[in-house]
Protein chains: 2
Amino acid sequence: MTKAQPQTRIQKKNTRAILEAALEVFSANGYRGATVDMIATKAGLSKPNLLYYFGSKEAMYTALLEELLDAWLDPLRALDAQGEPLPELLAYVNRKLDLARDFPRESRLFANEIIHGAPRILAVLKSDLKVLVDEKAAVIAHWSAQGRIECLDPHHLIFSIWSMTQHYADFDVQVHAILGADHDPYPDARQYLETLFTRILRKN
Amino acid sequence: MTKAQPQTRIQKKNTRAILEAALEVFSANGYRGATVDMIATKAGLSKPNLLYYFGSKEAMYTALLEELLDAWLDPLRALDAQGEPLPELLAYVNRKLDLARDFPRESRLFANEIIHGAPRILAVLKSDLKVLVDEKAAVIAHWSAQGRIECLDPHHLIFSIWSMTQHYADFDVQVHAILGADHDPYPDARQYLETLFTRILRKN
DNA sequence: CCTCACTTTTACCAACTGGTCAAATGTTGA
DNA sequence: TCAACATTTGACCAGTTGGTAAAAGTGAGG
């Protein structure tokens, strides 16, 4: 199913162009709403040519998901148990907000997959993601127990970080409908989130 | 386009059955992923019979959206400028969490629509929703100015309430993948959100 | 019982969509 | 230059899907 490493220059170029186009089309229309023709047009290739590189629509989609999942979890992996609790958590929030701002299509792709029941990545969520989250939740719980941050349910803390940051990518049009199309929400959002998490976590 | 009020009992019954089935199917599969046949089967009717009541797939979808939008905004409308600030806001959070818990399909339907650019309700978001949010944001800003709650960007405060509460409906499978399938997240979520908003809003 | 409007179904269609195939065209290295 | 391989394309297909047409069934009031 998965091809061996692309070798020729042209393979590399086309594979990238296809995945870029697929990201654009899948994130804007969902899996079912995307057509192979749309992706082909956006990539500047013919439909059979796409299917020469990726055997099926499904293969493009799962290739995308796999490629993106790691990048999506990196900010949480970087949460350092040895660091200062509050700065570590604030830095994590900022990294997630950067991801939402710089990679909104990726965010929407995941959101869409999960809203529809995560049929293709549920297994990964239950294994890799759960392990990672449980591990980091334990770190946060330990910080609380040490009295270095205020006590808060660590799992729900992580959920709230995810939801508030990704909101600006996933619900982008709603945010702009309310704040105005030309208003960049990210500076204010960053300020808001820093204030919020500082107030709920800082001791005293 | 819109039919006059359904009059006969059978019209009423079938219209309800169709909208209920449509909600189920659209929220689970998205607009494009849903088929008229799926909805017909779930409603216990034949496909042409559905189209006798609703002229098109699109009509069912927009009928659903219209019907649901009001209910979705009610909790915010109920925010009372005359009430006590903190209890008012906490009550709003609780109402939104109730909606997420009791009407997850409705939440996912909206989320899906907005993620895909809100092609059918963008106008409403820019008019009705914006007006309502601006009005309530002004109320919150006024409370802050009076020194009755801590100062916080009121628009982003509202965004954070939406995102954190709806997260439990929209990303349901992810929450359960992490907390366990049999774990009911809502009691803990309610506790977490109450603590969070109390800490960021309460004076002193 | 009969009429007339309402409801339902059977049969069907045209457009779209994912995917195939064989032929044609490029490209590369000996 | 030429053989071998990689890439691209046009023509095509079968299944799905939204929607239509016309006939058949249903039921309430006269």
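Labels below follow one simple rule: chain letters A, B, ... track the order of the sequence lines, proteins then strands, and each chain is numbered from 1. Side chains are part of it too, since the values below use all heavy atoms of this structure and drop only hydrogens, waters and symmetry mates.
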Q. Between B:Tyr31 and B:Arg120, is there a cation-pi geometry (under 6.0 Å to ring centre, at most 45° from the normal)?
A. yes
Q. In terms of heavy-atom contacts, does NZ of B:Lys130 have more than 12 from other residues, nucleotides or ligands at under 6.0 Å?
A. yes
Q. When the distance from NZ of B:Lys12 to P of C:dT7 is rounded to whole Å, what number comes out?
A. 13 Å
(Q) Measure CG/B:Leu50 against C1'/D:dT20 and give the value in whole Å, please. (A) 15 Å
(Q) Could you tell me if A:His176 and A:Tyr168 have a donor-acceptor pair between their side chains, going purely by distance under 3.5 Å? (A) no
Q) Is the CZ atom of A:Arg202 crowded by more than 12 outside heavy atoms at less than 6.0 Å? A) no
Sort me out a list of protein N/O and nucleotides 16-19 of chain D N/O pairs below 3.5 Å, or just none if empty.
{"from": "D:dT17", "atom 1": "OP1", "to": "A:Arg32", "atom 2": "NH2", "distance (Å)": "2.9"}
{"from": "D:dG18", "atom 1": "OP1", "to": "B:Ala34", "atom 2": "O", "distance (Å)": "3.2"}
{"from": "D:dG18", "atom 1": "OP1", "to": "B:Lys57", "atom 2": "NZ", "distance (Å)": "2.9"}
{"from": "D:dG18", "atom 1": "OP2", "to": "B:Val36", "atom 2": "N", "distance (Å)": "2.9"}
{"from": "D:dG18", "atom 1": "N7", "to": "B:Lys47", "atom 2": "NZ", "distance (Å)": "3.0"}
{"from": "D:dG19", "atom 1": "OP2", "to": "B:Lys57", "atom 2": "N", "distance (Å)": "2.8"}
{"from": "D:dG19", "atom 1": "O6", "to": "B:Lys47", "atom 2": "NZ", "distance (Å)": "3.1"}

Q: Tell me whether the OP1 or OP2 atom of C:dT9 has a side-chain N or O from B:Ser46 closer than 4.0 Å.
A: yes
Q: Kindly check if the number of other-residue, nucleotide or ligand heavy atoms within 6.0 Å of OH (B:Tyr186) is above 12?
A: yes
Within the sub-3.5 Å range, which N or O atoms of nucleotides 3-7 of chain D have a protein N or O partner, and how far apart are they?
{"from": "D:dT7", "atom 1": "OP1", "to": "A:Thr8", "atom 2": "OG1", "distance (Å)": "3.0"}
{"from": "D:dT7", "atom 1": "OP2", "to": "A:Gln11", "atom 2": "NE2", "distance (Å)": "3.0"}
{"from": "D:dT7", "atom 1": "OP2", "to": "A:Tyr52", "atom 2": "OH", "distance (Å)": "2.8"}

Q.
If we count only N and O atoms by modelled type, under 3.5 Å, do the side chains of B:Thr198 and B:Glu194 hold a donor and an acceptor together?
A. no
Q: Verify salt bridge (Lys or Arg N to Asp or Glu O under 4.0 Å) between B:Arg95 and B:Asp98, making sure each step is shown before the conclusion.
A: CA-CA 5 Å; B:Arg95 286 194 297 271; B:Asp98 287 340; over 6 Å; no
Q. Do the ring planes of A:His167 and B:Trp162 sit parallel (below 30°), tilted (30 to 60°) or perpendicular (above 60°)?
A. tilted
